[in-house]
Every structure is written in C-alpha cells, then in structure tokens.
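Structure, as structure tokens:
Note on naming: letters A, B, ... go to the chains in the order of the sequence lines (proteins, then strands), and numbering restarts at 1 for each one. Predicted model only: the values in this text are computed from it and were never measured. Just the heavy atoms: all of them, side chains too, but no hydrogens, waters or symmetry mates, feed the values below.
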Amino acid sequence: MDAKRAITAAKPLLHWYDRHRRALPWRALPGETPDPYRVWLSEVMLQQTTVATVRPRFATWVARWPSFADLAAADEADVMAAWAGLGYYARARNLLAAARAIAAKHGGQLPDTEEALRALPGFGDYTAAAVAAIAFGRRAVVVDANVERVVARLFAIDAPLPGGRRAIRAAAATITPEKRAGDYAQAMMDLGSAVCTSRKPRCLLCPLADQCGALALGTPEAFPVKKPKAVRPHRYGTIFWLERDGHVLLVRRPDKGLLGGMRALPTGPWELAPPGLRDAPAEAAWRVLERRVEHGFTHFTLDLDVAVADTERATNLGEWWPVATLDEAGLPTLFAKAAALARSRQA
DNA sequence: GACTCGTGGGC
DNA sequence: TGCCCAAGAGT
C-alpha cells in the first residue's frame with residue numbers, strides 16, 4: 001500500500017452523492033434537519049441487516065414508537081416481539097435500555113458527541129460515529145463494512161481483516177472531511193452499496209476510480225483481503241409443539257445467549273447428535289414429524305425435529321398462546337418455521 | 001483477538 | 001445448493 005499518496009475523496013464523493021443519493025425513510029432531505037431518533041433507530045436496525053429488510057420494519061416501528069419517550073415507556077416484551085425476525089436480538093434489548101437511559105439521564109435527548117453516545121447500550125465504535133456525524137453533523141471517522149471495502153480498495157490495503165482494520169481506519173481518517181460529515185458518511189455507504197460492491201464492482205461509475213489503488217492493480221475485487229472463516233459445525237435438536245384447547249405452550253428464553261429474551265417453542269440444548277424426545281416439556285403422546293426444520297445461524301447450522309402432542313393438563317411451564325394469533329407472539333424465524341410445520345401437520 | 005449472536009438474498 | 005455477505009456490539 002502507498003499510504004503517503006494523497007487521496008482527495010470527499011469532494012468528488014460528495015459531488016457524486018448530490019446526484020445519486022438514495023431516498024431512505026430515515027434520511028433527511030437536503031436542507032432538512034435529521035431526526036436523531038430515526039437516525040439512531042435506522043443505524044441499529046441496519047447493523048448486519050439489509051436496507052430491503054429494514055425498510056418495512058422501520059416504518060412499522062416508528063408508527064408504534066415515534067420518539068425516545070414512547071420507546072422508553074414501552075414494555076420489554078412488546079419491544080422484543082416487535083423485533084422478532086430481525087435477528088441479533090441483543091439489539092432490541094440494548095435499544096430499549098438506551099431509550100430508558102436517554103429518558104433518565106439525558107433529558108430525553110440523544111447526546112450529541114461521539115464519546116457520550118459510545119457510552120450508551122448498543123453504541124459501538126461504528127454507531128457512535130455514524131450517529132454523531134449523521135444526526136449532529138460532527139466530524140467522525142465512520143467505519144463500517146462499506147467503508148472498509150472502499151478504503152481498502154482506494155489505498156490497496158492488503159492486510160487481511162480483521163487485523164487490517166487498524167490500517168483501514170487510519171487511512172479512512174485521512175480522507176474524512178470536517179464539513180458535511182453526515183453526507184460524507186452516507187455517501188460512503190451508498191457508494192459501497194451501489195458501486196464499490198463486494199462482487200463485480202462498477203468501477204466505470206465510480207467517482208474515485210482515477211485514485212483507486214486496487215483498480216490500478218487491476219484487481220479491485222481482491223480487496224479487502226479476509227482471513228478464511230472457520231467451518232460451521234452442525235447441531236441437532238427437537239422443538240416441541242404442545243397443544244391444549246386451541247392454545248400452544250410458549251416459553252421465554254433466558255435473557256443471555258442465543259435468541260435471548262424471546263418467546264419460543266420449548267426445546268432442549270442443541271447438540272452434536274439428535275436428542276429425540278429427551279427434553280420434552282411434559283409427558284404426552286409425542287409424535288415426531290417426518291419433515292425437519294433446517295436453519296442456518298452465523299456460526300452453526302441446525303437440524304430440528306418437530307414433535308407434536310395434545311394434552312388436557314394445564315402446566316405453568318410457560319404461557320398458553322392462542323394458536324389462531326400465533327403470528328402476534330413475536331417468535332424468532334426459527335420457531336415460526338417449526339410452528340408452520342406443526343400446524344400444517346404434513347409430516 | 002477470538003467468539004457469540006439471526007436472518008434473508010444473491011449468485 | 002452451499003457459501004458469502006450485510007450501516008456491528010458485547011464479552
């Protein structure tokens with residue numbers, strides 16, 4: 001890499017952004033003042049999540065909880081259920097915790113410095129910088145996966161991720177402008193999303209092409225270099241559908257760990273071999289469906305048997321939820337899949 | 001630094 | 001189809 005070569009990215013990038021910026025529901029139009037609540041909510045929803053997925057969820061969310069105060073007053077169970085299907089559920093817990101901290105300690109307003117934001121739950125380096133820049137116009141070095149890719153290519157940084165982040169961040173700092181901080185940050189996102197894409201980058205459309213080290217080498221797609229990932233192990237489990245008088249037994253998962261704090265169908269630990277009916281929540285005439293549910297997580301894949309049974313007996317192992325309104329229970333996708341299979345009984 | 005933590009879409 | 005990827009944070 002040639003770190004000393006002067007690159008002036010902000011000016012051509014902002015010029016490009018003025019012509020090609022995406023209209024997004026959480027974005028202020030030119031001349032408008034951004035709403036910090038919407039900026040924050042969008043940044044959290046967009047963590048590891050695509051714009052297409054976030055768009056409708058954002059609209060539903062702000063209609064229900066339009067401000068920090070509204071969210072701070074919400075019940076945790078409602079917030080978790082509203083997040084169902086979006087994944088990374090710690091985001092929802094932290095979102096509510098932050099809203100309550102903002103109400104209690106910050107007068108109902110988001111603090112406007114990167115440092116103060118960084119102290120709130122769910123604000124890491126990226127989100128604190130992005131909110132400071134986008135909502136408050138503060139100069140901040142905003143580094144997400146888009147910026148990593150753009151900067152690694154621009155400077156032809158070949159240190160593999162994640163170790164290479166230090167060099168990428170340092171390079172990013174050298175091209176981050178003082179003015180139009182929010183526009184610049186979002187311009188980098190839009191460029192990474194539409195032009196400097198992970199595969200088949202559209203270099204002919206890029207406003208920085210004439211300065212791009214990776215393009216000069218002829219291999220833009222080779223950047224950023226990444227360390228190979230570990231193989232994903234396979235696990236097995238059984239999910240239990242226990243029905244009683246038109247209601248199904250739901251449990252609440254522990255706050256910490258996978259799918260933490262979410263409503264769920266009963267299931268035992270997921271292990272290297274199928275556990276069968278070992279962890280059934282009650283004695284019943286369980287029938288294991290022939291079809292299985294397959295589900296992929298980031299770090300392992302899962303094969304699940306679905307066992308169904310009817311019972312007459314009330315238990316206090318969880319809540320009996322009306323089957324007819326199960327889609328309102330806020331089940332994570334994995335359990336929604338199992339529920340659909342159990343209800344169809346097309347074993 | 002290395003893990004954990006979801007989900008849907010693209011190729 | 002299986003793998004990679006996406007506006008990362010917490011431990």
Atom CH2 of A:W83 and atom P of B:dT7: how far apart are they, to the nearest Å? 13 Å
With hydrogens left out and only the distance checked, is there a donor-acceptor pair under 3.5 Å joining A:T298's side chain and the base of B:dG6? yes
Roughly, in whole Å, what's the span from NZ in A:K229 to C1' in B:dC5? 14 Å
A:H295 vs A:F297 aromatic rings, parallel, tilted or perpendicular, using cut-offs 30° and 60°? perpendicular
Is it true that A:E178 and A:R138 have a side-chain N and a carboxylate O under 4.0 angstrom from each other? no
Contact boundaries of DNA chain C with chain A (under 4.0 Å, heavy atoms), 5' to 3'? C:dC5 to C:dG10
Please classify the nucleic acid contact of A:P121 as base, sugar-phosphate, or nothing, using heavy-atom distances under 4.0 Å. sugar-phosphate
For DNA chain C, which residues of residues 37-48 of chain A approach it to below 4.0 angstrom with any heavy atom? A:E43, A:L46, A:Q47, A:Q48
Just by modelled atom types, is the A:M45 backbone N or O under 3.5 Å from a matching donor or acceptor in the A:R91 side chain? yes
Member of A:R153, A:R165, A:M188 meeting the side chain to side chain contact (heavy atoms under 4.5 Å, CB included) criterion with A:E148: A:R165
With a non-hydrogen cut-off below 4.0 angstrom, is A:T333 in contact with a base, only sugar-phosphate, or nothing? sugar-phosphate
B:dG8 P sits how many Å from A:L86 CG, rounded? 9 Å
Which part of the nucleic acid, if any, lies within contact of A:A130, taking any heavy atom under 4.0 Å across all strands shown: a base, the sugar-phosphate backbone alone, or nothing? nothing
Test: A:E319 and A:R263 ion pair at under 4.0 Å: yes
Are any of A:H295's side-chain N or O atoms less than 4.0 Å away from OP1 or OP2 of B:dG6? no
Given A:F240, A:W241, A:W320, the one that forms side chain to side chain contact (heavy atoms under 4.5 Å, CB included) with A:L249: A:W320
Gap in Å between the two C1' atoms, one belonging to B:dC3 and one to C:dA7, rounded: 22 Å
If you look at every strand shown and take non-hydrogen atoms under 4.0 Å, does A:L302 touch a base, only sugar-phosphate, or nothing? nothing
Residue pair A:I134/A:L120 against DNA chain C: nearer the 5' end by closest nucleotide is A:I134
Return the 5'-most residue of the pair A:T50, A:K256 with respect to DNA chain C, ranking by each residue's nearest nucleotide. A:T50
Taking any heavy-atom pair under 4.0 Å as a contact, classify A:R22: base, sugar-phosphate, or nothing. base
Does A:R149 pair with A:D144 as a salt bridge, N-O distance under 4.0 Å? no
May I ask you to say what A:K337 touches in the nucleic acid, namely base, sugar-phosphate or nothing, with a heavy-atom cut-off under 4.0 Å? nothing
List in numerical order all residues of residues 179-209 of chain A for which some heavy atom is under 4.0 Å away from an atom belonging to DNA chain C. A:M189, A:S198
State plainly whether one hydrophobic cluster holds both A:F123 and A:L41, where clusters connect Ile, Leu, Val, Met, Phe, Trp and Tyr through side-chain heavy atoms under 4.5 angstrom apart. yes
Do you know the tightest heavy-atom contact between A:L250 and A:W321? CD1-CB, 3.5 Å
Assess the pair A:W65 and A:Y37: is the distance between their ring centroids shorter than 6.0 Å? no
A:Y236 and A:W270 aromatic centres sub-6.0 Å: no
Using only atom types and a distance under 3.5 Å, with no angle test, would you say the side chain of A:N94 pairs donor to acceptor with the backbone of A:A90? yes
Under-4.0 Å side-chain N/O to phosphate OP1/OP2 contact, A:H299 with B:dC3: no
Interatomic distance where OH belongs to A:Y88 and P belongs to B:dG8 [whole Å]: 13 Å
For A:Y89 and B:dT4, give me the distance from atom OH to atom C1', rounded to whole Å. 15 Å
